[in-house]
Amino acid sequence: MASATAWTRLSDEGARGSGGWAAGRKGVLSRWRFTSLRLRLVVVFALVALTAAVSASGIAYWLNREAVLTRAQDAVLRDFRQEMQNRAGTLPVHTTQDRLQHTAGQMAGSSQRFSVLLVGQDADGHAVYASSGGLSGFSLADVPASLRAAVDKAQSLSSSNKSPYHLYWQRVTLHGTPYLVAGTKVIGGGPTGYMLKSLEPEAKDLNSLAWSLGIATALALVGAALLAQAAATTVLKPVHRLGVAARRLGEGRLDTRLRVSGTDELADLSRTFNNAAAALEKRVADMAARDEASRRFVADMSHELRTPLTAITAVTEVLEEELEFEGGGIDPMIEPAVRLVVSETRRLNDLVENLMEVTRFDAGTARLVLDDVDIADQITACIDARAWLDAVELDAERGIHAQLDPRRLDVILANLIGNALKHGGSPVRVSVRVSDGGEPSGAPESAGEREPGAGAEQGAQIVIQVRDHGPGIPEDVLPHVFDRFYKASASRPRSEGSGLGLSIALNNAHIHGGDITAANSPDGGAVFTLRLPRDASALTGDGAEGDGRHGAGAAGNAKGGAR
């Protein structure tokens, strides 16, 4: 009789772990960095779909694999056990080679078509082997040693174990083909039988199943990517509209609003944006109104002050003539007071003129009156008119012409040169050269440099540098030298300068499409660099020529610098 129906599985060499590969793949993916939100959404959707599809496919494959292999091996083992009972069990304890070979062939002819190896003993006690495949067929070397040891080992009998020998099986791979190997002994004495059954048909079925599941996983991944793309488009379209609206708002189009539909979080974000834009528009409108009112107040005040100042100026001119007249009627006791009145009246007159010029720049009503200007002659005239010839060195070739506003150029030069004479140190050197527009100024960059006006990088430029030999400009003052009413020293709040001269000079440079920068020279002293386009006619397309008088005070206020 064959062994009892209890079957023991020793090992399954077909099982392989995949946790290490999955962990390594996850580690590689975790190091990727994506900057596109759309790409991140697609990748997340794809990873979720891939994980779900692989998990489902793996579980399905494993369940089907176990079901197919279990069904096949159960049928084979059942048939092998039956053959061992019906055929090998009828053999005597001591048998012959021929009879053993005949029995092995009969057992191999069962419905399962497996190979059989029988091991018995002859009358002399020698081992006798018989294989259904002949000498080149199934041999004992094909049986794993662990399986042979388990088959030959007798088990202790107990209430739960009534048979000393059992049927054992094991899956192995021989020459790349999976096989099922089983073995058992005939109870009561008799041969030991081993069976070898190819599982290649089942392996092919499982490979076909794996390919089908792989294709299904790939299709699921593609579908997830398409779904993620559609979802990303749905989600990101409002975000894109919000970005466009934010850029338009940043460009100054404060009436920009988003169309709101729905009740989701993106709709709430759009409503928040609209409320913020409306609040910003109202705030800017209020500030613009206050700023306009402030500029109008300064302009009106300046105009109102001109009438009394005209009369006061006439009186102070008479008083000044009396002071200069020898033997005049001014009491020596009040002469200092008269001189103070004359000085302060002149200073107040210059301040009013400067304020009027500033209001024109703020209101955008300042215009250019262009003419062909010889730069060297213009600088010479500016220096000569103010009696600075002995204190200023001029390095400028005659014949350098430009289309500029002569009066505004005089304002700029008077402020820069006068500022250098008062706050720097003699000699003041003024140099002129022509640049191609993309060439650097040659002066050291500093925090006091400003962004060039429109057109400063286009075409040929006139570069005028005013350098003094004083102590230079303190680093904390450089960023503020062109600020209005800024004075470097708080100890001289009543200096002759109003703090508007450099600001007006910069505005006059900007209206030409140029710029002024301030820096300290490595050799000592401050350097102011004026850049003006050689032809500013492109900037006068819509400009009226403006009041011929404005800026006169600015030109006279050469001392109104920041230092």
### Message
Between T103 and L118, does the side-chain contact (heavy atoms from CB on, under 4.5 Å) criterion hold? Intermediate values first, please.
### Response
CA-CA 8 Å; T103 302; L118 294 178; 4.0 Å; yes
Side-chain donor or acceptor of [X] paired with backbone N/O of [Y] under 3.5 Å:
| X | Y | value |
| --- | --- | --- |
| N520 | G472 | no |
| S131 | F138 | yes |
| R283 | A278 | no |
| R433 | I462 | no |
| Q155 | S163 | no |
| D122 | T95 | no |

Heavy-atom check, side chain of [X] versus side chain of [Y], under 4.5 Å:
| X | Y | answer |
| --- | --- | --- |
| L69 | L199 | yes |
| L206 | Y61 | yes |
| L219 | I215 | yes |
| V434 | V463 | no |
| S503 | D483 | no |
| T192 | T184 | no |
| S146 | Q170 | yes |
| L50 | T217 | yes |

Exercise: identify the closest heavy-atom pair between [X] and [Y]:
| X | Y | value |
| --- | --- | --- |
| L258 | A245 | CD2-CB, 3.7 Å |
| A182 | L77 | CB-CD2, 3.4 Å |
| A518 | I473 | CB-CD1, 4.5 Å |
| L147 | V143 | CD2-CG1, 3.8 Å |
| W169 | L180 | CE3-CD1, 3.7 Å |
| Y165 | K185 | CE2-CD, 3.4 Å |

#### Entry: Derivation of the side-chain contact (heavy atoms from CB on, under 4.5 Å) call for E200 and Y179
CA-CA 8 Å; E200 187 174 4; Y179 287 92; over 6 Å; no
### Message
I need the single residue from R171, R78, E202 that forms a side chain to side chain contact (heavy atoms under 4.5 Å, CB included) with Q73. Which is it?
### Response
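So the option named by the test is R171.
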### Task
Determine the sole option in L167, V186, D79 for which the side chain to side chain contact (heavy atoms under 4.5 Å, CB included) test with M84 is passed.
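Answer to the side chain to side chain contact (heavy atoms under 4.5 Å, CB included) test with M84 among L167, V186, D79: V186.
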### R257 CZ: over 12 foreign heavy atoms closer than 6.0 Å
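Above 12, so yes.
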### Message
Under 4.0 Å between a side-chain nitrogen and a carboxylate oxygen: does that hold for D286 and R290?
### Response
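Salt bridge between D286 and R290, a charged N being under 4.0 Å from a carboxylate O: no.
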What's the separation between atom [atom1] in [X] and atom [atom2] in [Y], rounded to the nearest 0.5 Å?
| X | Y | atom1 | atom2 | value |
| --- | --- | --- | --- | --- |
| L140 | Y129 | CG | OH | 5.5 Å |
| S132 | H102 | OG | NE2 | 13.5 Å |
| T529 | I516 | OG1 | CD1 | 9.5 Å |
| L532 | S435 | CG | OG | 12.0 Å |
| Q465 | T517 | CD | OG1 | 8.0 Å |
| F114 | K197 | CZ | NZ | 8.5 Å |

### Query
Run the salt bridge (Lys or Arg N to Asp or Glu O under 4.0 Å) check on R71 and D74 step by step: do they pass?
CA-CA 5 Å; R71 184 170 60 250; D74 285 351; over 6 Å; no
#### Entry: Side chains of N507 and H510, donor plus acceptor under 3.5 Å
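Short answer, no.
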